[in-house]
Amino acid sequence: MSKQKPSLPKGTRDFGPAEMNKRHFILETIKKVYQKYGYAPIETPAMENLSVLQGKYGDEGDQLLFKILNSGDFLSKTEKTDLNSSKDLLPKIAEKGLRYDLTVPFARFVVMNQHNLSFPFKRYQIQPVWRADKPQKGRYREFYQCDADAIGTDSLLCEAEIVLMIKEVFTLLQAKKANSLDYSIKINNRKILSGLVEAIGQKGKETDFAVAIDKLDKIGIDKVKEELSSKGFDQAAIDKLDPVFAISGNNREKLQAVKSVLQSSEVGLKGTNELEEVLNILDSFGMEVPELELDITLARGLSYYTGAIFEVKPNNVKMGSISGGGRYDGLTDNFGLPNVSGVGISFGVDRIYDVLEELDLYPDNNITSTKVLITAFDQDSWNYGLKVLSSLRNAEIKSEIYPEPVKIKKQMKYANDKQIPFVIVIGSEEIKSGKLALKNMQEGTQEMLSTDEIINFLK
RNA sequence: GUGAUCGUAGUUCAGUUGGUUAGAACGCCUGAUUGUGGUUCAGGAGGUCGUGGGUUCGAGUCCCAUCUUUCACCCCA
């Protein structure tokens with residue numbers, strides 16, 4: 001018998017108590033904001049039928065889906081010739097997959113429950129998703145997304161509220177003011193991108209255009225032009241983009257500049273009008289959002305977006321986007337429910353965790369642990385301690401008793417390791433007098449108090 | 001998917017041109033302290049050097065494969 005060392009699948013992690021406390025802080029913050037804006041919680045299964053997932057995320061996305069092998073004798077349904085190609089084999093041996101994001105399962109949920117839902121339907125959903133990616137900085141194979149989506153309305157109020165929610169979440173997360181997260185909420189509209197492609201006479205090449213222009217801040221204008229050229233955009237068309245690359249100023253000024261480039265494109269102008277309306281609504285709220293930045297080059301990879309798109313980028317930490325979203329018109333169409341538009345946002349908890357960790361932004365007293373530990377010298381004291389414990393818990397004081405009356409030193413060490421601030425020591429003298437020793441672990445001081453006095457003190 | 005990179009005690013890491021019994025710090029356990037943690041002091045336990053092959057009289061060290069880590073590209077939260 002050889003003992004095997006346990007290990008985790010690539011790109012997955014365990015979380016200890018200290019990490020979970022911080023993660024809960026993030027999750028609770030996001031949840032609080034979602035609820036405040038009228039979103040209701042739902043959950044969907046970890047696995048979906050592959051037919052639901054495939055074809056929604058683009059070719060790259062399909063490759064990153066985790067597939068689940070069919071149960072039983074899965075080979076019995078295959079032919080010898082299927083073994084020649086993974087493409088032929090796959091659908092015969094796997095019909096389920098792990099969810100890749102929360103938006104597509106949500107669209108499925110909406111279609112399946114359309115007759116029970118009241119539209120517009122606003123839901124939030126906080127669950128893990130899985131991607132068969134190669135792990136690297138800020139990239140895991142299992143990670144949590146926190147989505148809020150509003151479906152069944154075209155109102156641009158939803159877009160505006162998304163901006164407000166993003167701002168509120170990141171304001172609340174920065175409980176510790178010593179450092180701060182410098183971030184931008186980037187916004188754009190897929191219709192503007194489509195309009196640009198149309199305006200330069202390259203209609204049909206939207207995807208290549210989006211992929212290339214999205215890299216602008218990373219690789220620069222020249223490289224983007226090179227990439228466009230290599231994707232078959234002719235030089236005259238590329239040159240027409242120069243005014244776009246030159247756009248600067250505040251959000252309103254940028255919008256005006258884009259409009260002039262898009263004069264010939266109906267869809268492009270629709271995009272700029274939508275963005276303008278979002279800015280107007282934000283003004284009506286009377287909220288200043290200096291983090292909001294119109295970025296004509298923002299594209300985002302997911303292929304289902306059709307209107308506004310969002311992305312939140314940290315500026316003082318090297319990390320990809322920590323939040324993203326946008327409007328999608330055709331997602332429920334895939335499942336037989338046309339003409340339903342949705343818009344949503346997703347926070348990437350794992351990346352936000354890494355960013356807050358790097359900037360040391362967690363509040364100091366984030367630990368919700370035991371407040372008092374009862375220790376006992378012998379069995380009689382321990383039995384007495386159970387009554388005390390019961391009283392403490394009835395008074396809603398987080399408390400525990402060391403499970404056995406072992407050496408007091410060991411019990412003390414346990415309290416110390418677990419950072420329990422108070423310890424009650426019970427021995428024969430304490431039982432006799434009814435006054436228990438309450439030790440303050442931080443000060444090292446100790447006083448004799450009755451159980452009631454202890455409860456009043458700790459409450 | 002492409003290209004690099006890492007792996008030695010619970011943890012972070014040393015380990016010479018290949019050469020006896022693989023070290024340190026921190027942590028852990030025991031005691032100094034039979035009614036008290038965190039400090040101090042003394043002692044102790046703990047490693048088939050990621051895994052599997054190969055070269056060699058001899059491999060932690062060299063070669064190959066594989067898994068894992070980290071990172072860039074592609075793409076993405």
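The residue A:R300 sits close only to the backbone: its heavy atoms come under 4.0 Å of sugar-phosphate atoms, none of a base. Residue-level contact check: A:V211 touches the backbone only, with heavy atoms under 4.0 Å from sugar-phosphate atoms and none from bases.
In the set B:C75, B:A72, B:G35, B:G35 carries the atom at the smallest distance from any side-chain atom of A:S428. Among the nucleotides B:C71, B:C75, B:U30, the one closest to any side-chain atom of A:E60 is B:C75. Proximity note for A:M412 (side chain, C-beta onward) versus B:G37, B:C75, B:A72: the nearest is B:G37. Relative to the side chain of A:F377, the nucleotides B:U36, B:A77, B:C73 differ in distance, and B:U36 lies closest.
A stacked arrangement is not assigned to A:Y414 and the six-membered base ring of B:G37, the conditions of a centre distance below 5.5 Å and an interplanar angle below 30° not being jointly met.
With rounding to whole Å, A:Y140 atom OH is found 16 Å from B:U68 atom C1'.
The phosphate of B:A72 (OP1 or OP2) has a side-chain N or O of A:Q136 nearer than 4.0 angstrom. Contact check, A:K10 against B:U66: no side-chain N or O comes under 4.0 Å of OP1 or OP2.
A donor atom on one side chain and an acceptor atom on the other are not found under 3.5 Å apart for A:Y304 and A:N334.
Both A:Q63 and A:G427 lie near RNA chain B, and the one whose nearest nucleotide falls closer to the 5' end is A:Q63. Heavy-atom distances to RNA chain B give each of A:K407 and A:T12 a nearest nucleotide, and the one nearer the 5′ end belongs to A:K407.
Atom name C1', nucleotides B:C71 and B:G7: the rounded distance is 16 Å, in whole Å.
Taking the ring axis of A:F106 as reference, the NZ or CZ atom of A:R123 stays within 45° of it and closer than 6.0 Å to the ring centre.
A:D149 pairs in a side chain to side chain donor-acceptor pair (under 3.5 Å) with only one of the listed residues (A:Y39, A:Y124, A:Y328), which is A:Y328.
The local environment of CE in A:M47 is sparse, with at most 12 non-hydrogen atoms from other residues, nucleotides or ligands closer than 6.0 Å.
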